[in-house]
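Written out below as structure tokens is the structure these notes cover.
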Number of protein chains: 2
Amino acid sequence: MTACSVRLQIFLQLQAVNKELCSKFEACLGASTSRVEILHYLLQHEEVTQSTLQREVNIDAAAVTRHLKQLELAGTIVRYKKADDQRATWVKLEEEAKRHIEQSYSEKSQFVKETLDGFSEAELEQFLQMLSKVSKNVSRVTKNHLGGENK
Amino acid sequence: MTACSVRLQIFLQLQAVNKELCSKFEACLGASTSRVEILHYLLQHEEVTQSTLQREVNIDAAAVTRHLKQLELAGTIVRYKKADDQRATWVKLEEEAKRHIEQSYSEKSQFVKETLDGFSEAELEQFLQMLSKVSKNVSRVTKNHLGGENK
DNA sequence: CATCAACAATTGATGCATCAACTATTAGAC
DNA sequence: GTCTAATAGTTGATGCATCAATTGTTGATG
């Protein structure tokens with residue numbers, strides 16, 4: 001119990017932080033975190049298919065479809081198909097939306113900066129690495145368990 | 001952009017890690033993270049009112065009600081009122097459920113341990129402190145923004 | 001002691017994410 | 001070339017969390 005308690009606390013704290021962060025973030029900036037992730041990815045990749053977007057952002061395909069539909073309706077993105085493959089749907093940000101997002105990044109960065117107040121650059125770097133390490137561990141764990149180790 | 005990019009990445013990574021962690025956790029152990037948090041709290045506090053539970057675990061009151069209803073139906077907890085205040089509902093784990101949860105902690109701890117593989121005890125401690133610091137920052141940020149600084 | 005504000009819990013409505021089932025398109029096997 | 005399997009996206013059903021509105025209870029004020 002005591003040996004695992006720090007780890008369990010980390011787990012619970014991670015939950016708690018993330019949850020609060022999400023709700024505050026949405027309240028402050030009026031966009032769900034999923035949508036932010038999608039837009040962030042699109043801003044950095046110019047043109048992608050829905051399926052790769054779905055894989056990269058790690059959101060269910062159905063959710064991606066619904067988000068993109070709304071974003072298209074709002075004029076934020078364009079969706080289109082290409083001649084060589086009529087299955088894949090490509091997604092791209094509208095030019096105006098790009099500018100808009102870039103601009104709103106300043107507000108976001110202000111928010112993010114405040115939540116990471118009191119961290120030195122070195123600590124931030126370290127924090128990020130820790131998160132990445134956990135991320136790697138998590139994906140590995142699943143594979144093992146599905147491999148038959150579980151139960 | 002570059003100055004904030006590490007911070008933004010932390011934010012996004014935090015999201016990603018948490019999400020994957022939750023889904024894997026649920027898949028492996030068959031309980032939603034909310035429920036785990038509730039049960040964890042109950043295991044450590046013997047007897048508690050719904051409203052304090054709701055505050056401590058930071059879940060919406062409606063969600064708490066629904067979780068507890070199910071848990072009561074499953075025989076995991078008991079709910080009752082006290083003579084001196086007919087408003088508050090008190091919640092307590094059944095003895096058998098306590099044992100069951102304690103026992104299932106070993107499986108959980110195995111899972112948690114794997115996700116935190118490769119961390120020294122000192123690093124874990126540090127990680128936890130970082131998370132706590134972010135948590136404090138987040139709650140502070142909200143107050144400021146609601147105070148009128150936003151917009 | 002009647003009224004009103006507060007507190008506690010519940011319910012209904014809504015939004016979002018996921019799974020499963022389905023359609024359409026492409027590529028491979030024979 | 002046709003049949004089958006795989007791929008891409010969509011839709012419906014379900015579960016969960018949140019907000020808003022409601023009920024019931026308590027305490028304070030006049």
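Values below: every heavy atom of this structure, side chains too, minus hydrogens, waters and symmetry copies. Sequence lines set the chain letters: A, B, ... in the order given, protein chains first and strands last, and positions in each chain run from 1.
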Separation of A/K69 atom NZ from D/dT10 atom P, in whole Å? 7 Å

Return the value, rounded to whole Å, for the distance between atom CZ of A/R87 and atom C1' of D/dA8. 7 Å

Looking only at C/dT10, D/dT18, C/dT25, the nucleotide nearest the A/D85 side chain is C/dT25

Contact class for B/T65 vs. all strands (heavy atom < 4.0 Å): base, sugar-phosphate, or nothing? base

Any A/R35 side-chain nitrogen or oxygen under 4.0 Å from OP1 or OP2 of C/dG15: no

Among the nucleotides D/dA17, C/dT10, D/dC19, whichever has the atom closest to the side chain of B/A63 is D/dA17

Identify which nucleotide among D/dG9, D/dC19, C/dA9 has an atom closest to any side-chain atom of B/A62, counting heavy atoms from C-beta outward. D/dC19

I need the CD-P distance between B/Q54 and C/dT10, as an integer number of Å. 12 Å

Salt bridge check, B/K24 against B/E114: does any charged N sit closer than 4.0 Å to a carboxylate O? no

What does A/S34 touch in the nucleic acid at a heavy-atom separation under 4.0 angstrom: a base, only the sugar-phosphate, or nothing? sugar-phosphate

Rounded to whole Å, NE2 of A/H67 lies from C1' of D/dG9 at a distance of 16 Å

What contact category does B/R55 fall into here, base, sugar-phosphate, or nothing, at under 4.0 angstrom with non-hydrogen atoms? nothing

Phosphate OP1/OP2 of D/dT10: any A/Q50 side-chain N/O under 4.0 Å: yes

B/E26 has an atom CD; how far is it from atom P of D/dG15, in whole Å? 13 Å

Salt bridge flag under 4.0 Å for residues B/E37 and A/K19: no

Could you give me the CA-CA distance, side-chain angles and deciding distance for A/L14 and B/L14, then say whether side-chain contact (heavy atoms from CB on, under 4.5 Å) is met? CA-CA 8 Å; A/L14 192 63; B/L14 193 63; 3.5 Å; yes

Below 4.0 angstrom from OP1 or OP2 of C/dT10, is there any side-chain N or O of B/R79? yes

In terms of the nearest nucleotide of DNA chain D, which residue is placed more toward the 5' end: A/S51 or A/K19? A/S51

Which sits closer to the 5' end of DNA chain C, A/Q86 or A/A61, going by the nucleotide each is nearest to? A/A61

Under a 4.0 Å threshold between the charged nitrogen and the carboxylate oxygen, would A/E47 count as salt-bridged to A/K92? no

Does NZ in B/K82 sit with more than 12 non-hydrogen atoms of other residues, nucleotides or ligands closer than 6.0 Å? yes

Interatomic distance where CZ belongs to B/R66 and P belongs to C/dT14 [whole Å]: 14 Å

Euclidean distance, atom CD of residue A/E56 to atom C1' of D/dA8 [Å, nearest integer]: 16 Å

